[in-house]
Amino acid sequence: MHIVAVLALENVVPFDLATPLEVFSRTRLADGSFPYDVRVCAATDEVDAGAFTLRAPWGLDVLAIADTVVLPGIADVTPGVPDEVVELLRYAAARGTRIASICAGAFVLAATGLLDGLRATTHWVAAPELAARYPAVEVDPGVLYVDNGQFLTSAGAAAGMDLCLHMIRRDHGSAVAADAARLSVMPLERAGGQAQFIVPEQPPAPRGSTMEPLLRWLDESGDRELTTAEIAAHAGMSTRTLNRRFREHTGTTPLQWLHLSRIRRAQHLLETTAEGVDRIGSTVGFGSPTAFRDRFKRIVGTSPHAYRHAFRSRA
């Protein structure tokens, strides 16, 4: 039987801990048998899980015999990872154990050095910190999970379920994984990535900046097709000077700023109205439905139709 060891470190996130327990332990093969033996292990007798304290039935020795090790997220990544845990995970990796992280569990996996030179993900909020702390890891905050073969990482919350279902499909095929997904009331495949859940931040201009009047005009002109030359003419400067000053104040170009502003407005309309997608694209200033859909997919990571299906209020 395939042993799945779920490591509960101090300040473990309960949702992340429960995800592999539920998904793997409920999985059945066509003959009705259970292919996974799921074991929660810890380095200490008791583990603080925030709202409660848990006692794991297994110690760290299970890591040496596990076929898969899952690293749930931890609420506070500041203290670092115990040396004993780092060494045991490296030993497990050396013997071919599959190691997967959920959410901020990527910090635990990255601390071992096993992700160096590899692409990885975590919750988009934690992605900048992961990239800063482990520069040898290529952090991609826009995906639900990354499969490097032996080492896998996922984004936060429900993305941990996506990753577990993916591993089940790798192990036993799509039919078994689809049954596991139905038990979890989850689709086996979800469209898009983390980008659809990220609220894009409009680069601000400092209060009193010379860019403030121009940014207000751009907002008010959001339903018009504008070129850099037209924006520069309105600002009374050359396009070269406009691009330089705009980037100094906002960190981006006028057209990139305008595109992001339009997509944010489109997201709001998709969530709150029943207007057609093409009409919304025109309303927010895109000259053609194709241009709107392409830009939306590039920034949000999914199509306008898929975004509306996921986020439109049913109230």
Side-chain angles (χ1 to χ4, degrees), residues 123-132 139-143 155-156 192-313 315:
H123 193 292
W124 62 270
V125 170
E129 176 65 20
L130 181 65
V139 179
D140 184 348
V143 296
Q194 283 198 85
Q196 62 190 298
F197 305 106
I198 300 172
V199 178
E201 291 187 5
Q202 193 68 278
R207 188 176 297 277
S209 162
T210 56
M211 288 293 106
E212 276 195 319
L214 179 61
L215 295 180
R216 283 198 299 272
W217 178 76
L218 287 174
D219 267 339
E220 294 166 359
S221 307
D223 59 346
R224 294 170 47 198
E225 276 289 309
L226 292 172
T227 65
T228 302
E230 289 172 326
I231 298 171
H234 179 85
M237 59 184 75
S238 68
T239 56
R240 183 174 180 179
T241 300
L242 170 70
N243 281 327
R244 176 175 56 81
R245 291 187 179 178
F246 206 95
R247 188 173 289 279
E248 287 174 354
H249 287 284
T250 69
T252 188
T253 68
L255 288 183
Q256 287 172 336
W257 193 97
L258 186 60
H259 286 147
L260 180 55
S261 176
R262 288 172 171 172
I263 293 302
R264 289 185 68 185
R265 290 177 58 211
Q267 286 177 291
H268 174 72
L269 292 173
L270 288 166
E271 293 174 22
T272 59
T273 76
E275 290 287 349
V277 169
D278 291 350
R279 184 176 179 84
I280 287 175
S282 175
T283 298
V284 301
F286 286 92
S288 73
T290 299
F292 170 55
R293 293 168 196 273
D294 288 349
R295 183 64 61 174
F296 194 96
K297 181 69 177 289
R298 193 179 309 172
I299 292 176
V300 183
T302 191
S303 70
H305 281 292
Y307 183 88
R308 165 170 275 171
H309 180 74
F311 292 102
R312 184 180 173 192
S313 172

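Positions are given from 1 along the sequence. This is a predicted model, so every value here is computed, not measured. Quick note: numbers below take in every heavy atom, side chains included, and nothing from hydrogens, waters or symmetry partners.
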Where is the tightest heavy-atom contact between [X] and [Y], given as atom of each residue plus distance?
X: Ile231; Y: Pro254; value: CD1-CB, 4.1 Å
X: His234; Y: Leu214; value: CD2-CD1, 4.0 Å
X: Asp140; Y: Val143; value: OD2-CG1, 3.6 Å
X: Glu230; Y: Trp217; value: O-CH2, 4.5 Å

Side chain of Ser261, backbone of Trp257: donor and acceptor closer than 3.5 Å?
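Checking the backbone N and O of Trp257 against the side chain of Ser261, no donor-acceptor pair under 3.5 Å is found.
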Keeping Glu129 on the side-chain end and Ala126 on the backbone end, is there a donor-acceptor pair under 3.5 Å?
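Not a single qualifying donor-acceptor pair exists.
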Stepwise side chain to side chain contact (heavy atoms under 4.5 Å, CB included) test for Phe296 and Gln267:
CA-CA 9 Å; Phe296 194 96; Gln267 286 177 291; 3.9 Å; yes
List the residues meeting side chain to side chain contact (heavy atoms under 4.5 Å, CB included) with Thr228, not counting sequence neighbours, and say none if there are none.
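Result, side chain to side chain contact (heavy atoms under 4.5 Å, CB included) vs Thr228: Thr239, Leu242, Asn243, Leu255.
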Please walk me through it: do Arg293 and His305 pass side chain to side chain contact (heavy atoms under 4.5 Å, CB included)?
CA-CA 9 Å; Arg293 293 168 196 273; His305 281 292; 3.5 Å; yes
Is the shortest heavy-atom distance from the side chain of [X] to the side chain of [Y] under 4.5 Å?
X: Arg295; Y: Thr290; answer: no
X: His259; Y: Arg298; answer: no
X: Glu275; Y: Thr283; answer: no

Only one of Asp278, Ile280, Val277 passes side-chain contact (heavy atoms from CB on, under 4.5 Å) with Pro289; say which it is.
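Testing Pro289 for a side-chain contact (heavy atoms from CB on, under 4.5 Å) against Asp278, Ile280, Val277 leaves exactly one candidate, Asp278.
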Can you measure from OG1 (Thr302) to CZ (Arg308) and round to the nearest 0.5 angstrom?
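It is 13.5 Å, given to the nearest 0.5 Å.
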Side chain to side chain contact (heavy atoms under 4.5 Å, CB included), that's the test. Do Leu270 and Arg265 meet it? Break it down for me.
CA-CA 9 Å; Leu270 288 166; Arg265 290 177 58 211; over 6 Å; no
Decide side chain to side chain contact (heavy atoms under 4.5 Å, CB included) for Ile263 and Phe292; before the verdict, give the C-alpha distance in whole Å, the side-chain angles of both, and the deciding distance to 0.1 Å.
CA-CA 8 Å; Ile263 293 302; Phe292 170 55; 4.2 Å; yes
Which residues satisfy the side-chain hydrogen bond (donor to acceptor under 3.5 Å, both in side chains) test with Ser238, sequence neighbours excluded?
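Here the qualifying residues are Thr241.
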Residue Arg279 excluded, over 12 heavy atoms near CZ under 6.0 Å:
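No, because the 6.0 Å sphere around CZ of Arg279 holds 12 heavy atoms or fewer from other groups.
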